[in-house]
Amino acid sequence: MTYVDVSDISAEMFITVLLFLVIIAPLISLAILRFFQGKKKAGLMLILSGVAAYVVFQLIMKLIF
């Protein structure tokens, strides 16, 4: 069994990842719910919002870390 060493992750990176997970995961989850409710336009907008948040997250991670 192996363990992942997370001791070299800075607090700033941890908080950044946590904040974006709080944003991206609910958007995708709500999009799936909207698709099951038959609201395709709302679901698609939530998916696109999640992708946009992911792109912003990647830009922040490349610029800061």
Side-chain angles (χ1 to χ4, degrees):
M1 177 184 256
T2 61
Y3 295 100
V4 177
D5 183 24
V6 293
S7 62
D8 58 340
I9 295 177
S10 67
E12 293 86 8
M13 179 182 272
F14 179 77
I15 292 170
T16 305
V17 170
L18 183 66
L19 285 176
F20 275 99
L21 282 176
V22 167
I23 294 170
I24 295 171
L27 285 174
I28 302 300
S29 178
L30 283 172
I32 293 169
L33 177 66
R34 295 294 187 254
F35 282 132
F36 278 121
Q37 291 175 344
K39 300 177 182 179
K40 291 182 172 58
K41 186 176 179 181
L44 186 60
M45 291 304 293
L46 286 168
I47 290 282
L48 292 175
S49 299
V51 170
Y54 177 74
V55 169
V56 169
F57 170 69
Q58 289 297 323
L59 288 173
I60 289 173
M61 292 304 283
K62 286 185 187 254
L63 292 175
I64 296 176
F65 302 107

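Hydrogens, waters and symmetry mates are skipped; everything else that's a heavy atom, side chains included, is used.
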Counterpart residues, side chain to side chain contact (heavy atoms under 4.5 Å, CB included), relative to V6 (two or more places apart): V4, I9

Donor-acceptor contacts, no H, no angles, side chain residues 19-38, under 3.5 Å, sequence neighbours left out:
| residue | atom | partner | partner atom | Å |
| --- | --- | --- | --- | --- |
| R34 | NH1 | Q37 | OE1 | 3.4 |

Pairs meeting criterion side-chain hydrogen bond (donor to acceptor under 3.5 Å, both in side chains) with involvement of residues 6-28, two or more places apart: D5-S7

Contacts table for residues 47-65: side-chain donor-acceptor under 3.5 angstrom, sequence neighbours left out:
| residue | atom | partner | partner atom | Å |
| --- | --- | --- | --- | --- |
| S49 | OG | M45 | O | 2.8 |
| Y54 | OH | Q58 | NE2 | 3.1 |

